[in-house]
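Just so you know, these numbers come straight off a predicted model, no measurement behind them.
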Amino acid sequence: MEIIIQPTAEAATSVAARVIARLLNEKPNAVIGLATGSTPLLLYRALIDMKLDWSRVTTFNLDEYIGLPKEHPQSYYSFMWDNLFRHTNIAPENVHIPDGNAKDIPGFCAAYEQRIRDAGGIDLQVLGIGTDGHIGFNEPTSSLASRTRIKTLTPQTRQDNARFFASLDEVPTHCITMGIGTIMEARHNLMLAFGANKAHAIAEAVEGPITAINPASILQMHPDAKFCLDADAAGELKRADYYRWVYDNKPEWQHL
Ligand code: GLP
């Protein structure tokens, strides 16, 4: 794991944006996994400002609420088109977002996994983290080998996400999410976390045991996972000074 601690969310985002820009430069037909939530908003703004060529890029989103119409402002479909896709030259047929209104949910989930495989697998997966350590919508005790499937949101996650809805009652109770096994197959994982409310989940994920109670802790087993953190999200890391030292002393050729 590479733990990159920057003073601000903007600085941490700019490291992440450079990682993605470099990938698109090296592989214009890259397959990118994308995340929603407030955390990647700065990243999407930065990528839009970079005016990258998305014409040959394929994307797969991590998750979607079940039961919200696509056009609902809080559907992840609306989120992605409003905050990223419509500001790029991506081909709409290359965009994949789980269909939260699929009639046959298990069938849809199996087909989503197959589409990822057919696209050659995910080159880079963007991740955020829930306050309980969830990645995608893989809540605590999700199987670390899970695949794309239906999940029930925890009361904590519904509460955390209620700020985007008029009331808690409007927050869906179920979702479709890529599994932890799916996420682990991405060639590169890029986690972003900002703010003191993420510090505990990040400390457990990075320095705690690998456990389904903190799904992000599985990234300790990933061969190429980067954590781009602001100082607040890094606030409970015991070895923060060490991570800073490593980053400041990278050989020239490893600079991001
Ligand atoms: C949701 C999303 C996750 C995201 C998390 C954190 O639960 N499914 O992918 O990482 O929220 O959201 P935020 O970035 O708003 O803190």
Using side-chain heavy atoms (C-beta onward) and a distance below 4.5 Å, is Lys226 in contact with Ile4?
yes

### Message
Between Thr39 (side chain only) and Ala193 (backbone N and O only), is there a donor and an acceptor less than 3.5 Å apart?
### Response
no

### Message
Is there a side-chain contact between Leu68 and Pro172 in this structure, where contact means two heavy atoms from C-beta onward sitting under 4.5 Å apart?
### Response
yes

ask   = Does the side chain of Gln125 come within less than 4.5 Å of Leu190's, by heavy atoms?
value = no

TODO: Can you label the angle between the His96 ring and the Phe60 ring as parallel, tilted or perpendicular, going by 30° and 60°?
DONE: parallel

Of all heavy-atom pairs linking Gly128 and Ile135, the shortest is O-CG2, 3.7 Å

ask   = Is there a side-chain contact between Leu42 and Leu192 (heavy atoms, below 4.5 Å)?
value = no

Interatomic distance, CG@Leu62 vs CD1@Ile183, rounded to 0.5 Å, equals 5.0 Å

Do the non-hydrogen side-chain atoms of Leu84 and Trp54 ever get within less than 4.5 Å of each other?
-> yes

Checklist entry - Quick one: are Gln74 and Phe79 in side-chain contact, heavy atoms under 4.5 Å? => result no

- Query: Hey, are the side chains of Phe227 and Tyr243 touching, using non-hydrogen atoms and a 4.5 Å cut-off?
  - Reply: no

Check: Asn249 side chain, Trp245 main-chain N or O, donor-acceptor pair, under 3.5 Å
yes

Check your understanding: Side chains of Arg18 and Ser14: donor-acceptor distance under 3.5 Å anywhere?
Key -> yes

- Among side-chain atoms of Thr182 and Arg149, is any donor-acceptor pair under 3.5 angstrom? no

Q. Can we say Asp123 and Lys27 salt-bridge, meaning some charged N sits less than 4.0 Å from an Asp/Glu carboxylate O?
A. yes

### Message
Tell me whether the NZ or CZ atom of Lys151 lies within the 45° cone about the ring axis of Phe137 and under 6.0 Å from its centre.
### Response
no

Could you give me the CA-CA distance, side-chain angles and deciding distance for Glu207 and Lys238, then say whether salt bridge (charged side-chain N to carboxylate O under 4.0 Å, His left out) is met?
-> CA-CA 8 Å; Glu207 295 177 339; Lys238 291 196 180 65; 5.1 Å; no

Q. Cut-off 3.5 Å, side chains only: do Asp160 and Thr131 have a donor facing an acceptor?
A. yes

Next item on the list: Check for a donor-acceptor pair, side chain of Thr13 on one end and backbone N or O of Ala9 on the other, with a separation under 3.5 Å.
Entry: yes

What one should report as the nearest heavy-atom pair of Ala196 and Asp232 is N-CB, 3.5 Å

dist Ile116:CD1 -> Arg147:CZ (nearest 0.5 Å) comes out at 8.0 Å

Practice item. Check the pair Met191, Leu219 against side-chain contact (heavy atoms from CB on, under 4.5 Å), reporting the backbone distance first and the verdict last. Key: CA-CA 9 Å; Met191 161 73 79; Leu219 293 171; 4.1 Å; yes

Side-chain donor or acceptor of Thr148 paired with backbone N/O of Tyr112 under 3.5 Å: no

**Study point:** Side-chain (Asn189) to main-chain (Val126) donor-acceptor, under 3.5 angstrom
**Key:** no

Just by distance, do the side chain of Arg158 and the backbone of Val171 share a donor-acceptor pair under 3.5 Å?
-> yes

Next on the checklist: Please check this pair: side chain of His134 against backbone of Leu153, looking for a donor-acceptor N/O pair closer than 3.5 Å.
Outcome noted: no

Query raised in the report: Can a donor-acceptor pair be found between the side chains of Tyr77 and Asn61 at a distance below 3.5 Å?
Result: no

Closest heavy-atom pair, Ala35 versus Leu127, reported as atoms and distance to 0.1 Å, is CB-CA, 4.3 Å

Steps toward salt bridge (charged side-chain N to carboxylate O under 4.0 Å, His left out) verdict (Glu64, Lys70): CA-CA 10 Å; Glu64 177 61 285; Lys70 262 185 177 175; over 6 Å; no

Residue pair Met184 / Leu144, side-chain heavy-atom distance below 4.5 Å | no

Are there over 12 heavy-atom neighbours, none belonging to His200, within less than 6.0 Å of that residue's NE2?
no

TODO: Using distance alone, with no hydrogens and no angle criterion, decide if Thr157 and Glu139 have a side-chain donor and acceptor under 3.5 Å apart.
DONE: yes

Practice task
Give a yes or no on whether the backbone of Ala205 and the side-chain of Gln220 come within a donor-acceptor separation of less than 3.5 Å.
Solution key: yes

- Would you say the side-chain atoms of Asp53 and Ser55 include a donor-acceptor pair closer than 3.5 Å? yes

Margin query: Tell me whether Tyr44 contacts the main-chain N or O of Phe85 through its side chain, where contact means a donor paired with an acceptor under 3.5 Å.
Written below: no

Between Ser38 and Arg163, is there a side-chain donor-acceptor contact under 3.5 Å, judged purely by atom types and distance? yes

Check your understanding: Backbone N or O of Gly179 within a donor-acceptor pair of the Thr177 side chain at under 3.5 Å?
Key -> no

Item to complete: Return yes if a side-chain donor-acceptor contact under 3.5 Å exists between Glu204 and Ser217, otherwise no.
Response: no

Note: Ile32 and Val57 closest approach over all heavy atoms is CG1-CG1, 4.1 Å

